[in-house]
Visitor: 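There's a structure below that I have some questions on.
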Amino acid sequence: VQLQASGGGLVQAGGSLRLSCAASGRPFNNHAIGWFRQAPGKEREFVARIAWSGGNAYYVDSVKGRFTISRDNAKNTVSLQMNSLKPEDTAIYYCAASLYWSSRETDFLSWGQGTQVTVSS
């Protein structure tokens with residue numbers, strides 16, 4: 001499955017952005033989709049994931065209550081709604097697909113190109 005992330009941009013602290021991940025290629029609805037991010041000078045980290053059915057979602061503690069992941073299998077898209085953004089959310093955000101229910105990067109075999117999110121203070 002091929003993925004393309006979009007929706008990044010520049011926003012002030014406290015603002016919102018909605019990222020989208022569009023999938024093509026292999027069947028999409030049997031993959032879990034995850035969002036990861038990489039801030040300058042830091043390793044890439046897990047942010048959120050959603051099960052193929054959309055019924056289960058999991059978040060890293062730092063974004064719980066602020067970010068919401070959702071998916072529309074009919075449209076082959078996954079979204080990440082980000083509210084109450086903080087400067088520390090600044091990073092390149094990547095979406096990725098996995099056949100496993102996991103937060104480990106190595107379990108995600110298909111990656112999008114990334115979209116930049118910058119939160120100003």
Side-chain angles (χ1 to χ4, degrees):
V1 61
Q2 288 79 46
L3 303 173
Q4 183 170 359
S6 62
L10 173 64
V11 64
Q12 289 187 335
S16 298
L17 281 175
R18 186 176 182 88
L19 305 184
S20 292
C21 178
S24 61
R26 293 180 61 188
F28 172 72
N29 60 2
N30 61 345
H31 287 76
I33 300 296
W35 284 95
F36 292 77
R37 65 186 180 187
Q38 187 167 21
K42 295 187 178 181
E43 294 185 352
R44 189 158 56 186
E45 66 169 352
F46 166 81
V47 175
R49 67 179 191 256
I50 189 166
W52 68 268
S53 66
N56 290 331
Y58 183 80
Y59 303 88
V60 68
D61 286 346
S62 60
V63 308
K64 284 181 180 177
R66 301 189 297 122
F67 291 11
T68 302
I69 190 171
S70 60
R71 70 189 292 164
D72 184 339
N73 285 340
K75 295 182 179 179
N76 283 359
T77 58
V78 171
S79 297
L80 185 68
Q81 178 67 41
M82 306 186 296
N83 298 329
S84 301
L85 283 162
K86 305 175 181 180
E88 51 263 43
D89 294 318
T90 294
I92 299 174
Y93 283 70
Y94 301 88
C95 59
S98 174
L99 292 173
Y100 306 101
W101 184 240
S102 169
S103 299
R104 295 183 300 185
E105 282 192 52
T106 52
D107 287 333
F108 287 80
L109 300 182
S110 299
W111 290 81
Q113 85 287 5
T115 185
Q116 177 71 49
V117 171
T118 303
V119 184
S120 63
S121 58

Visitor: What are the two closest non-hydrogen atoms of L109 and T106, and how far apart are they?
Guide: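 For L109 and T106, the tightest heavy-atom pair comes out as CD2-O, 4.0 Å.
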Visitor: Might you work through the side chain to side chain contact (heavy atoms under 4.5 Å, CB included) test for N30 and L99, ending with a clear yes or no?
Guide: CA-CA 7 Å; N30 61 345; L99 292 173; 4.3 Å; yes
Visitor: Taking only residues two or more places apart in sequence or in another chain, which ones pass salt bridge (charged side-chain N to carboxylate O under 4.0 Å, His left out) with D72?
Guide: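 D72 satisfies salt bridge (charged side-chain N to carboxylate O under 4.0 Å, His left out) with no other residue.
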Visitor: What pairs of donor and acceptor atoms, side-chain ones from residues 12-19 against any protein atom, are under 3.5 angstrom apart with sequence neighbours left out?
Guide:
| unit_1 | atom_1 | unit_2 | atom_2 | d |
| --- | --- | --- | --- | --- |
| S16 | OG | N83 | OD1 | 2.9 |
| R18 | NH1 | Q81 | OE1 | 3.0 |

Visitor: Assess the residue pair V78 and W35 against the criterion (side chain to side chain contact (heavy atoms under 4.5 Å, CB included)); give the C-alpha distance rounded to whole Å, side-chain angles, the decisive distance to 0.1 Å, and a yes or no.
Guide: CA-CA 9 Å; V78 171; W35 284 95; 3.8 Å; yes
Visitor: Which residues pass the salt bridge (charged side-chain N to carboxylate O under 4.0 Å, His left out) test with K42, not counting sequence neighbours?
Guide: none
Visitor: Not counting sequence neighbours, list each pair that qualifies as a disulfide bond (SG atoms under 2.5 Å apart) and has a residue in residues 49-121.
Guide: C21-C95
Visitor: Between D61 and K64, is there a side-chain N and carboxylate O pair less than 4.0 Å apart?
Guide: yes
Visitor: Give the table of side-chain donor-acceptor pairs shorter than 3.5 Å for residues 43-58, with sequence neighbours excluded, one pair per line with atom names and distance.
Guide:
| unit_1 | atom_1 | unit_2 | atom_2 | d |
| --- | --- | --- | --- | --- |
| R44 | NE | E105 | OE1 | 3.1 |
| R44 | NH2 | E105 | OE1 | 3.1 |
| E45 | OE2 | R37 | NE | 2.6 |
| E45 | OE2 | R37 | NH2 | 3.1 |
| R49 | NH1 | S103 | OG | 2.1 |
| S53 | OG | G55 | N | 3.2 |

Visitor: Name every donor-acceptor pair, under 3.5 Å, that has one atom in a side chain of residues 112-120 and the other anywhere in the protein, sequence neighbours excluded.
Guide:
| unit_1 | atom_1 | unit_2 | atom_2 | d |
| --- | --- | --- | --- | --- |
| Q113 | OE1 | A5 | N | 3.3 |
| Q113 | NE2 | A5 | O | 2.9 |
| T115 | OG1 | G8 | N | 3.0 |
| Q116 | NE2 | A91 | O | 3.4 |
| Q116 | NE2 | T118 | OG1 | 3.3 |

Visitor: Atom OG of S62 and atom NZ of K86: how far apart are they, to the nearest 0.5 Å?
Guide: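 Atom-to-atom, S62:OG and K86:NZ are 8.0 Å apart.
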Visitor: Check I69 against Y59 and note the closest heavy-atom contact, atom names and distance.
Guide: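 Looks like N-OH, 2.9 Å.
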Visitor: Rounded to the nearest 0.5 Å, what separation is found between the CD1 atom of I33 and the OG atom of S70?
Guide: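 Result: 12.0 Å between the selected atoms.
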Visitor: Can the ring centroids of F36 and W111 be said to lie less than 6.0 angstrom from one another?
Guide: yes
Visitor: Report the distance from atom CE of M82 to atom CG of L85, rounding to the nearest 0.5 Å.
Guide: 5.0 Å
